[in-house]
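To keep things clear, I will list the structure first and then write my remarks on it.
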2 protein chains.
Amino acid sequence: MKRTDERRRATIADVAREAGVSASTASVVFSGKTPVSDATRARVLAAAAALGYTGPDPRAASLRRGRSGIVGVVFEEHLGTAFLDPVKTLMMDGLTEGVAGLGAGLLLLRDDESAETGPSLTTAPIDAAVLIGCSPLMRRSLDTVRARGIPVVVIEGDAGGDIPRIGLDNREAQRHAARHLRALGHEHVVILTLPVNADRPRGFFGADAEVTVDVTRDRLAGARDVYPGAPAYAAAGSFIDEGLAAGRVLLAGPDRPTAIIAQSDLLAAGVIRAAEEQGLRVPDDLSVTGFDGIVVDGLAPYALTTLVQPAADKGRAAGLAVASMLEGASPVSMHFTCAFREGNTSGRAPAAQ
Amino acid sequence: MKRTDERRRATIADVAREAGVSASTASVVFSGKTPVSDATRARVLAAAAALGYTGPDPRAASLRRGRSGIVGVVFEEHLGTAFLDPVKTLMMDGLTEGVAGLGAGLLLLRDDESAETGPSLTTAPIDAAVLIGCSPLMRRSLDTVRARGIPVVVIEGDAGGDIPRIGLDNREAQRHAARHLRALGHEHVVILTLPVNADRPRGFFGADAEVTVDVTRDRLAGARDVYPGAPAYAAAGSFIDEGLAAGRVLLAGPDRPTAIIAQSDLLAAGVIRAAEEQGLRVPDDLSVTGFDGIVVDGLAPYALTTLVQPAADKGRAAGLAVASMLEGASPVSMHFTCAFREGNTSGRAPAAQ
DNA sequence: TTGTAAGCGTTATCAC
DNA sequence: GTGATAACGCTTACAA
């Protein structure tokens with residue numbers, strides 16, 4: 001078979017030959033890295049058009065350059081679940097921006113040791129990786145990535161070692177909200193938490209329970225800084241319906257709390273619905289605080305008292321972090337803080353029954 | 001500088017040398033494509049471990065194989081916006097599964113002619129592409145992809161030409177819901193639509209208005225098949241709050257409809273909230289139908305009367321479609337149908353006022 | 001401004 | 001079961 005193969009896609013060499021220039025010149029016309037005379041450029045472009053050449057093959061270019069222009073984003077959970085969380089969505093948004101400077105795109109990856117399906121941290125052509133919510137489980141993947149020598153940053157999670165992380169002042173922020181409630185006179189408070197571990201059991205848990213999810217643990221600690229003895233009830237996820245279910249339980253007893261500290265806005269929204277169901281007025285009969293500061297679709301006219309976290313900024317920071325590491329900068333962790341926002345869901349504690 | 005460069009990552013050639021085998025043998029140990037003696041395998045693996053070699057460089061492998069194992073998913077909108085839509089989230093879920101058989105991952109791409117930032121359909125190392133909600137705007141991207149000769153499928157959109165598409169029986173399904181309302185005696189019906197075009201204007205629009213969004217147009221046509229003269233009011237997006245705002249307008253006048261056909265479940269949920277606000281009972285005073293069949297977080301105890309679309313299946317089908325095209329199969333379009341689901345938000349039309 | 005040469009790291013093919 | 005060879009398609013010093 002000669003090189004005059006009809007069914008083969010044109011390569012830059014073909015274009016160069018057609019245009020009567022060298023391959024390097026043709027290459028430069030497409031990359032723009034070096035000045036080219038207008039006449040030459042025109043000839044090359046014409047040749048490309050004639051041959052149906054649409055530009056350098058990204059695979060070959062990335063091998064040569066040593067860069068693929070792709071950043072992997074690793075989730076622990078089912079991808080669909082990840083996008084159900086507005087906070088993650090916002091982070092993705094920021095991340096997209098953050099890596100844009102790199103000219104990179106985001107490859108969705110799931111941390112899944114079992115399934116041998118799909119690309120993994122080890123086999124995907126990524127220049128860097130961002131791990132979201134890195135749990136102990138993710139450690140293994142992490143090791144393999146580091147072994148590959150590609151930059152990694154972790155958002156909200158304990159990566160261990162010297163892996164740079166994007167953190168949040170979960171404990172301090174939650175403490176702030178708790179102090180707010182205390183200042184309003186609330187003494188009987190319950191903490192509605194995010195899942196405590198991978199099994200996501202619902203219900204009350206004691207002080208001795210092991211909380212393996214960092215975010216849950218830290219926010220809980222913040223609330224307990226102010227209300228050391230407050231009962232904690234775990235939800236199975238950050239959803240309105242979870243908050244609703246929990247709210248029904250928490251508000252049912254005779255010894256109803258006057259305030260509920262929810263670890264997410266969605267949970268808080270559910271609690272408010274539960275309160276409405278029982279004919280309780282928020283904030284007159286019950287104060288509710290959230291966490292995240294997202295827009296909860298359909299919650300109006302309530303404006304949650306909550307901690308506004310810079311979710312998009314976190315994502316952007318992660319993107320910029322990997323970008324600078326790729327430039328050779330040394331890894332650096334960053335810490336973000338939440339802003340307390342008082343809405344209309346918290347008020348003075350009702351007089352004791 | 002000699003080849004004994006310390007700071008260079010080990011390659012398969014290094015491993016082979018260290019193990020005293022040829023590069024091809026070492027390669028085969030990692031790919032498993034050819035039987036290798038246990039002894040050899042052990043030696044190669046040991047050499048790899050000693051050298052810190054973690055496996056073939058994906059960039060080189062993909063050049064050689066002509067496959068990157070990456071499928072691009074192209075959105076029209078801001079990525080964050082896309083994931084706010086539960087239907088898209090579900091589709092992504094299915095898509096993830098669909099391409100898993102390919103051993104491929106999903107690269108997030110945005111159809112954005114302006115921004116020269118980030119990878120694009122033309123520069124990303126993708127084996128195939130899936131376009132979501134392909135509008136006229138997306139046509140250009142489409143052309144470039146096709147020129148590159150990579151398989152494409154379009155979900156819910158008019159791709160034109162012979163591009164395979166994953167479709168939905170929007171018109172027929174919506175007609176079904178309308179018939180249901182008609183059977184219940186409703187005569188005064190308003191249609192609350194999804195955005196009609198890229199500008200997303202809110203408000204009533206006439207029969208002459210140009211509706212460039214396929215989904216909106218088709219569902220509208222289905223409703224009009226039964227209620228030819230029904231007024232149509234456009235929302236600016238598929239959100240509960242949009243439905244709420246629209247609901248307030250639609251339910252305010254003296255000449256209130258007895259039923260509202262919403263083109264999405266989120267819009268329907270918002271309409272229900274608006275009805276509640278005005279002290280109207282659903283379905284006694286007002287019937288509301290949705291579209292999509294998603295779980296609307298926080299809508300309980302209502303169960304929407306709606307059209308359940310197989311969103312995840314659509315995604316999966318798209319994934320399978322590109323997979324089979326990569327195997328050389330010829331492109332084939334697929335059509336999905338919705339299932340009508342009667343909930344508790346539709347009932348007999350109230351007696352005329 | 002253009003051309004030459006030397007890989008980038010892997011794997012398919014085929015012979016042994 | 002193993003090895004030699006030849007691409008895969010491109011980019012970038014460096015020389016002209």
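As the structure is a computational prediction, the values presented were derived from the model and not from experiment. Every chain is numbered from 1, with letters handed out A, B, ... down the list of sequences.
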Exercise for the section: For the side chain of B:D57, starting at C-beta, report the closest nucleotide among C:dT10, C:dA12, C:dT2. Expected result: C:dT10
Problem - Whether B:R43 side chain and B:A19 backbone form a donor-acceptor pair below 3.5 Å - result: yes
Problem - Atom pair CD1/CG of A:I166 and A:L131 - distance to nearest 0.5 Å - result: 11.5 Å
Fill in the blank from the handout: Among D:dG3, C:dG9, C:dT11, the one nearest any side-chain atom of B:S22 is D:dG3
Completion exercise
When rounded to whole Å, the CZ to P distance for the pair A:R59 and D:dT11 reads 14 Å
Practice task
Write down the distance between CZ (A:R67) and C1' (C:dC8), rounded to a whole number of angstrom.
Solution key: 14 Å
Handout entry: Candidates D:dT2, C:dG3, D:dT11 - which lies nearest the side chain of A:V21
Key = C:dG3
Problem - Rounded distance in Å - CZ (B:R17) to C1' (D:dG3) - result: 15 Å
Completion exercise
Of B:V36 and A:K33, the one whose nearest nucleotide on DNA chain D sits closer to the 5' end is B:V36
Practice task
Output yes when at least one side-chain N/O atom of B:S27 is less than 4.0 Å from OP1 or OP2 of C:dT11, else no.
Solution key: yes
Practice task
Would you confirm whether A:S68, through its side chain, and A:P125, through its main-chain N or O, come within 3.5 Å as a donor-acceptor pair?
Solution key: yes
Exercise for the section: Would you indicate which nucleotide in D:dT12, D:dT2, C:dT10 comes nearest to any side-chain atom of B:T34? Expected result: D:dT2
Handout entry: Separation of C:dG7 C1' from B:R9 CZ (nearest whole Å)
Key = 19 Å
Practice task
Without swapping roles, check the side chain of B:D127 against the backbone of B:V71 for a donor-acceptor pair under 3.5 Å.
Solution key: no
Handout entry: Residue B:T40, side-chain heavy atoms: nucleotide from C:dT10, D:dT2, C:dA6 that is nearest
Key = D:dT2
Problem - A:R59 side, atom CZ; B:R67 side, atom CZ - distance, nearest 0.5 Å - result: 8.5 Å
Problem - Nearest-angstrom distance from the residue atom CZ of B:R65 to C1' of D:dA7 - result: 15 Å
Practice task
Remember a base hit wins even if backbone is also touched, and classify B:F30 as base, sugar-phosphate or nothing at under 4.0 Å, heavy atoms.
Solution key: nothing
Practice task
Take the protein atom CG of B:L63 and the nucleotide atom P of C:dT10, then report the distance between them rounded to whole Å.
Solution key: 12 Å
Handout entry: B:S27 side-chain N/O to B:A23 backbone N/O, donor-acceptor pair under 3.5 Å
Key = no
Problem - Separation of atom CZ in A:R41 from atom P in C:dT2, rounded to whole Å - result: 9 Å
Exercise for the section: State, yes or no, whether a side-chain contact exists between B:L108 and A:M92 at a heavy-atom distance under 4.5 Å. Expected result: yes
Fill in the blank from the handout: Of C:dC8, C:dA12, C:dT1, the nucleotide closest to the side chain of B:R64 is C:dA12
Problem - 5' priority, DNA chain D, between A:A61 and B:P35 [closest heavy atom] - result: B:P35
Completion exercise
CG of A:D57 to OG1 of B:T123, rounded to nearest 0.5 Å, is 11.5 Å
Completion exercise
Axis-to-axis angle for the helix from C:dT1-D:dA16 to C:dC16-D:dG1, ends of five pairs each, to 10°, equals 30°
Exercise for the section: Could you please name the option among C:dG3, C:dT2, D:dT11 that lies closest to any side-chain atom of A:S24? Expected result: C:dG3
Completion exercise
Of C:dG9, D:dC10, D:dG3, the nucleotide closest to the side chain of A:I12 is D:dC10
